[in-house]
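Input: a single structure, listed below in C-alpha cells.
Quantities reported herein were computed from a predicted structural model and do not represent experimental measurements. Just the heavy atoms: all of them, side chains too, but no hydrogens, waters or symmetry mates, feed the values below.
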There are 2 protein chains.
Amino acid sequence: MCTGRGAMSEQIKRATISDVALHAGVSRAAVSKVLRGAYGVSGTMKARVEASMVALGYRPSALARGMRGSSFTLGVFVVDLQNTFMSVLIEGIRAEAEVSGYQVFIGEASRGLSQQRQMIEAMLDRKMDGLLLIAPFGTAGDLEEIGRATPTVVLGRHGPGQSYDTVASDDMAGSALIVDHLAALGHRRIAHLKHVGRENNEDGMPQVVRAQGYIDAMVRNGLEPEVDVIEGRWHQAGGQHASELMLQRPHPPTAVHAGTDMAALGVLAGLYEAGISVPGDFSVVGYDNVFAASLPQVALTSVDQSGVEMGSMAARLLVERIQGRREPVSTVVAPSLVVRRTTGPAPAGPTRN
Amino acid sequence: MCTGRGAMSEQIKRATISDVALHAGVSRAAVSKVLRGAYGVSGTMKARVEASMVALGYRPSALARGMRGSSFTLGVFVVDLQNTFMSVLIEGIRAEAEVSGYQVFIGEASRGLSQQRQMIEAMLDRKMDGLLLIAPFGTAGDLEEIGRATPTVVLGRHGPGQSYDTVASDDMAGSALIVDHLAALGHRRIAHLKHVGRENNEDGMPQVVRAQGYIDAMVRNGLEPEVDVIEGRWHQAGGQHASELMLQRPHPPTAVHAGTDMAALGVLAGLYEAGISVPGDFSVVGYDNVFAASLPQVALTSVDQSGVEMGSMAARLLVERIQGRREPVSTVVAPSLVVRRTTGPAPAGPTRN
DNA sequence: GGAAAATTGTAGACTGATCTACGAAAATCC
DNA sequence: GGATTTTCGTAGATCAGTCTACAATTTTCC
C-alpha cells in the first residue's frame, strides 16, 4: 500500500473519542457527554476534556454519531441545478441550517422519477436527519411515503400533505398579478404556457395552480372568451416552440404568461428570430425572476418568489419537524411582480376583439 | 414520542443485515459477503440471500458501511452555485460517478475561506471517499493538506499538486483564442479584466494564467504597447464597474477580454446603460460559455471549456486515486471559441496609434 | 487413499460514536 | 446524623455494517 517514497505521504490518523479520553484521563462516555452538552459533567472535567480536544485537533466523526444519534445533515434534493432559482432557495436553506448546526448537502437528479428515487434513497441510506425536496417529481403518494420515512419538507408544491410540510409560492396570486398587469396595459388576447410533464400526477404542482390562477384572473377581467392555454414544457426549447405555435394562429395573442422564466426566455428567443418587437408587438412575462431576467439586454418582466425567504422558511419547518412536530404545516409565500421592459401597452389593432 | 393519532404514522423500521441473515438462515458475515461480492460464497447461498434481500426490501446503510469500509460517496465542493458553469461540470461528474457506483453530494460555500474549510471538514467528517474541489479558495498548501487527508481532485486550478490531481481548461490557449480573434477583427486596444481575490495566494488560479495568456498573445500580435490589464472582480458588478473605468480613459479600448462570462455580462450591462453599441463601437468576449451567453438577446462571444468532459475527466481521476494511485496527474483541456454577436470589426477610428 | 489445497461458512473483534443503568460521592432534608 | 436526593462519572450494550481468523468440508494431486 505504502510506496517507497518516504514517510512524507503518511496518512495522518484522525483522533477519535478514545484518544481524547486517554489524553484527558477520563472515560469515553465523559467525552461524549461534553460533546453533546449532556447532563452530568462538572466544570472542571468539561474544561479538561475541551483542552484535550483542542490539543489533539479532534473532530467527531459525523458518520459514527449518525449510527445512534443524528447525523446533523440535511439533504436538499434538486431536480435541476441549471435553474438558478434553485441556488437562491439553497442560499436561504443554508443560512437557516447553519444557525441550527446542520450541514446541508445537495443531491441532483435531473433524469426523471427513477433517478430521483435513487437519490432520495441514497440520502436515507446516509441517515440524513431531514430532507428538503425542491419541486420533486412523483405523486403526492410518493411524497407521503418519503415523509413517513424521514422528516420532509417539500418546496414548490402546494400542500397540504399528511406526513410532510410544504412551502410554495402563492401561484394563484402570481398568475393574478401577471394577468392584471397585462390587462391594465390593454391586452386582451393573453395566452398562457402550461407545463405538461411526462407523468400525469400533477396534484399541487405549480403548473396546475398557475394555470388555474390564469383562468380565474382572465374571467375576473372579463376576458373569459380569450382564455388560451398552450400546453408544452417549461424550459427554453419549450418556450421557443410555443412562440412558433402562437405566431401561427390566425389571430395571435399580444401577450403571454409564460409560466416560468426559462420558458419566457425561449419565447423571447423565438420572437427575436421571427423579428417581432418586444414589447412593441408582443409582451412577455416570466415567473421566478432568475438572474438572466435581470440582464438589461433581457429585462424580462417576471414574478419574484423571494426565494431566500422560502428557503429559510422551509429549513425552519424541517428543523421543527426533526425536533418532533407531527402536524403538517403548509405555507404559502406571497409573490410580487417585477415590471421590466418586456411588457408594454397592447399594440393598437382592431379595437373590437 | 408517539402521539395519540393512531397507528398509521408508525415509522417503518428498515431491514438490517441481521434481518436478512435471519430470514435467509445464514450468518451476518455471509450476507455481508454477498453484499460486497467477496470471495467465499456459493451460488446457492448467493441466490438465497439475494432473495431474502428483495423480500425484505433491504438496503444497506451507507453510514454503517462507511464506518469500516468505504462510504461510496463523493463530495463536490462548489464555491458558487449561481454560476451555471458549475452545474455543467457537475453533470459530467455525476455521469461518471454513476458508472463507478458512487453517489455524489454537493456542498456549497460562497462566503470565503473559513466557510470553505468548514464545508470540507464536514465532508471529511462524513468519511466521503473522495473530494472534487471546483475552483476552491486557498493556497496550494491548503490544497496539499486536503489531498493528504483524502483523495482529491481540483477543478479549475492549474497544477501540478503533490497530493492531488488537477483538471483545468488551457487558459493560456483560451486567452490566445480571444486575442487572436479580436486582433484579426482589427482591434488594437484590447483590454483584459483580471480578477483579484481577497487573499493573495493565486498560484495556478485561472485569473493568473488567463492574464499571462492575454499578455503573451498581445505581444505575439505586436500589440505589446496596448496591453491594458484592469484589476477587479469576476462577477457581474465587477464587470459593470470595469466598463465604467474603461470608458473614462482618455483613449478607451475598443474590445475587452472580460475573463469570465459573468464579468462580460456586467460589461455589457454597463455599455448598454452608457449607450455604447456592441459590437459596433465595442467588442466583448467572455469565458465559460454559460447559459445566459447563448440567449439571442445577449449572444456573447465566449470561450467554451466543454464542462461535461472536464467533469467526467475529474471524476475518473478521482476514482483512480481512490483505488490507490499516488502519482499526481495534471490535465489540461483544450478550449474553443464560440463566436456570437458581441464581437465585430474594430470601429473605424484614427488609424495611427 | 492420504496429504495438500481450495472452497464455503461462521464467530467475533472492530469502526466511533451514543445512551442506559448503575455506583460512588457530595449535598440537602428533617 | 442518618436517610434521601442530587451530582458526577464509568461500564458496557448498541447502532449496522466490515473483515480477519479459523473450522469444517470438499476437491485436487500424486
Rounded to whole angstroms, how far apart are [atom1] on [X] and [atom2] on [N]?
| X | N | atom1 | atom2 | result |
| --- | --- | --- | --- | --- |
| A:Met45 | C:dA25 | CE | C1' | 14 Å |
| A:Lys46 | D:dG9 | NZ | P | 13 Å |
| A:Lys33 | C:dA17 | NZ | P | 17 Å |
| B:Phe72 | D:dG17 | CZ | C1' | 11 Å |
| B:Leu35 | D:dC19 | CG | C1' | 13 Å |
| A:Leu22 | D:dT10 | CG | C1' | 15 Å |
| A:Asp129 | C:dT18 | CG | P | 13 Å |
| B:Lys127 | D:dA16 | NZ | P | 18 Å |

> Just checking B:Val31: base, sugar-phosphate only, or nothing, at a heavy-atom cut-off of under 4.0 Å?
Replying inline: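 B:Val31: no heavy atom of the nucleic acid under 4.0 Å.
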Within the structure provided, determine whether [X] and [Y] are in side-chain contact (heavy-atom separation under 4.5 Å).
| X | Y | answer |
| --- | --- | --- |
| A:Arg157 | A:Thr166 | no |
| B:Leu132 | B:Leu89 | no |
| A:Phe105 | B:Met123 | yes |

> How does each nucleotide of nucleotides 11-16 of chain C score, in 5' to 3' order, for protein heavy atoms under 4.0 Å: base (B), sugar-phosphate only (S), or none (-)?
Replying inline: BBBBBB
> Please walk me through it: do B:Thr73 and A:Arg126 pass side-chain hydrogen bond (donor to acceptor under 3.5 Å, both in side chains)?
Replying inline: CA-CA 10 Å; B:Thr73 312; A:Arg126 282 153 187 82; 2.9 Å; yes
> So, is A:Tyr39 near the phosphate of D:dT7, with a side-chain N or O under 4.0 Å from OP1 or OP2?
Replying inline: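 So the side chain of A:Tyr39 is within the cut-off, an N or O lying under 4.0 Å from OP1 or OP2 of D:dT7.
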>> Is the phosphate of C:dT8 approached by B:Ser42 (side-chain N or O, under 4.0 Å from OP1 or OP2)?
In response: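 Negative; the distance criterion is not met.
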>> Within a 6.0 Å radius of atom CD on B:Gln115, are there more than 12 heavy atoms belonging to other residues, nucleotides or ligands?
In response: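 Yes, enclosed.
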> Salt bridge or not for B:Glu145 and B:Arg148, using N-O below 4.0 Å?
Replying inline: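 Salt bridge between B:Glu145 and B:Arg148, a charged N being under 4.0 Å from a carboxylate O: no.
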>> Between B:Ser32 and B:Arg36, do the side chains contain a donor N or O and an acceptor N or O under 3.5 Å apart?
In response: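 B:Ser32 and B:Arg36 do have a side-chain donor-acceptor pair below 3.5 Å.
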